[in-house]
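Below: the structure, in structure tokens.
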Amino acid sequence: SPIALQHARPHRGQAICRLGNRPGPATRPAMLTIRDITVRLGGRTILDQASATIPNGGKVGLIGRNGAGKSTLVKTVIGELEPDGGSVDLPRRARLGYIAQEAPSGTKTPFEAVLDGDTERTQLLAEAETCTDPNRLGDVHERLIAIDAYSAPARAARILVGLGFDEEMQGQPLDSFSGGWKMRVALAALLFSQPDVLLLDEPSNHLDIEATLWLESFLSSYPGTLIVISHERSLLNRVVDHICHLQNGKLTLYPGTYDSF
């Protein structure tokens with residue numbers, strides 16, 4: 001299931017450039033700041049004071065040769081790995097979403113698992129059923145409307161269809177699916193939860209061409225900030241507006257698609 005993290009202390013980042021007519025990082029506030037991150041593993045320096053500022057709403061492709069440290073950087077960003085130096089900063093209350101390594105399982109259906117991906121909606125609906133305070137109940141319903149909670153089932157079904165689940169498959173238990181299809185459910189739940197920063201590592205690995213094309217279209221219009229690790233050139237050309245290159249332990253952020261890079 002997707003995991004949401006919270007970080008405090010927003011940090012203002014450097015301007016790098018403008019991209020076409022879209023506001024460049026100079027005018028877009030920083031959403032994620034990687035500041036002087038150093039990570040040493042087994043006596044080897046993997047990240048060496050690496051820094052990058054990801055603007056709010058930016059769609060960034062993280063690239064680098066195998067072994068360059070992309071996975072190490074991701075683990076540091078999500079808080080799984082403690083750096084030897086530096087920091088990772090998000091604005092207060094910003095949610096960072098990623099897919100855990102364990103595939104979802106059990107008797108839940110894909111449809112139920114995706115709906116559960118929005119934990120705030122689930123909690124508010126449960127509270128609405130038991131709340132006896134009229135003022136609090138009014139606040140709960142107001143928040144449910146604000147997060148578009150009542151259209152959530154239709155949105156969850158659309159995401160699942162896009163990733164290859166027909167109506168019958170959406171109602172089958174998770175344990176009836178293979179590992180690859182379970183990971184599709186995890187991806188669907190993450191997309192449905194709409195975190196402020198969406199972090200994806202090779203998201204097309206378990207997808208066929210139709211689902212990959214749907215994902216590219218979905219990500220290109222994603223309203224939040226996106227960081228994606230991918231070897232799929234088409235995805236990096238159709239979705240991202242920046243490339244973050246990891247080389248020799250350093251990060252360099254460039255405007256444009258992969259071909260531009």
Side-chain angles (χ1 to χ4, degrees), residues 1-5 57 59-62 74 77-78 80 94-126 144 147-232 234-236 238-240:
S1 60
I3 297 174
L5 303 179
K59 293 179 172 60
V60 178
L62 176 59
V74 167
V77 168
I78 66 178
E80 187 176 313
R95 296 182 306 138
L96 187 153
Y98 64 98
I99 296 178
Q101 292 182 348
E102 303 82 15
S105 60
T107 58
K108 280 185 181 179
T109 66
F111 182 72
E112 291 168 339
V114 171
L115 284 177
D116 287 348
D118 189 338
T119 55
E120 182 184 12
R121 174 184 177 273
T122 301
Q123 292 167 358
L124 287 172
L125 287 174
L144 284 168
I147 65 175
D148 208 14
Y150 299 108
S151 67
R155 185 160 54 91
R158 284 197 300 270
I159 292 174
L160 283 166
V161 168
L163 292 176
F165 292 85
D166 60 27
E167 187 174 351
E168 181 181 352
M169 293 171 69
Q170 291 182 33
Q172 296 173 355
L174 286 171
D175 283 346
S176 66
F177 292 98
S178 67
W181 281 95
K182 289 179 180 179
M183 292 310 296
R184 289 194 192 202
V185 175
L187 175 59
L190 178 58
L191 298 179
F192 175 77
S193 70
Q194 291 189 318
D196 301 294
V197 180
L198 178 60
L199 181 59
L200 298 174
D201 189 349
E202 300 293 352
S204 59
N205 268 2
H206 302 288
L207 305 181
D208 55 23
I209 183 62
E210 289 185 2
T212 298
L213 290 173
W214 177 88
L215 179 65
E216 291 175 358
S217 176
F218 183 94
L219 295 178
S220 65
S221 60
Y222 188 73
T225 302
L226 171 69
I227 302 173
V228 58
I229 300 173
S230 179
H231 289 94
E232 293 289 339
S234 63
L235 187 150
L236 294 174
R238 293 172 182 169
V239 173
V240 309

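The structure presented is a predicted model; accordingly, all values stated were derived computationally and were not measured.
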Could you grab the distance from atom [atom1] of [X] to atom [atom2] of [Y], nearest 0.5 Å is fine?
{"X": "K108", "Y": "L115", "atom1": "NZ", "atom2": "CG", "result": "9.5 Å"}
{"X": "F192", "Y": "D118", "atom1": "CZ", "atom2": "CG", "result": "5.0 Å"}
{"X": "L191", "Y": "L160", "atom1": "CG", "atom2": "CG", "result": "10.0 Å"}
{"X": "L187", "Y": "H206", "atom1": "CG", "atom2": "NE2", "result": "9.5 Å"}
{"X": "R121", "Y": "L144", "atom1": "CZ", "atom2": "CG", "result": "8.0 Å"}
{"X": "T212", "Y": "W214", "atom1": "OG1", "atom2": "CH2", "result": "11.0 Å"}

Within-4.5 Å side-chain heavy-atom neighbours: [X] and [Y]:
{"X": "M169", "Y": "W181", "value": "yes"}
{"X": "P195", "Y": "Y98", "value": "no"}
{"X": "L62", "Y": "D201", "value": "no"}
{"X": "T109", "Y": "Q170", "value": "no"}
{"X": "M183", "Y": "I99", "value": "yes"}
{"X": "L198", "Y": "Y222", "value": "yes"}
{"X": "L215", "Y": "V239", "value": "no"}
{"X": "I227", "Y": "V77", "value": "no"}

Non-hydrogen atoms of [X] and [Y] that approach each other most closely:
{"X": "D175", "Y": "G106", "result": "OD1-N, 2.8 Å"}
{"X": "P153", "Y": "F111", "result": "O-CE1, 3.4 Å"}
{"X": "P110", "Y": "F177", "result": "CG-CE1, 3.6 Å"}
{"X": "K59", "Y": "G224", "result": "NZ-O, 4.1 Å"}
{"X": "P203", "Y": "L235", "result": "CG-CD1, 4.4 Å"}
{"X": "A186", "Y": "P104", "result": "CB-CD, 3.8 Å"}

Stepwise side chain to side chain contact (heavy atoms under 4.5 Å, CB included) test for K182 and S105: CA-CA 7 Å; K182 289 179 180 179; S105 60; 3.9 Å; yes
For R95, does its backbone N or O pair with a side-chain atom of D196 as donor and acceptor, under 3.5 Å? yes
Count the heavy atoms belonging to other residues, nucleotides or ligands that lie under 6.0 Å from CD of E120, then report whether that count exceeds 12. yes
Any side-chain donor paired with an acceptor under 3.5 Å for E216 and S234? yes
Side chain to side chain contact (heavy atoms under 4.5 Å, CB included) for F165 and V185? Distances and angles first, verdict last. CA-CA 9 Å; F165 292 85; V185 175; 3.5 Å; yes
Check the pair V114, I159 against side chain to side chain contact (heavy atoms under 4.5 Å, CB included), reporting the backbone distance first and the verdict last. CA-CA 9 Å; V114 171; I159 292 174; 5.5 Å; no
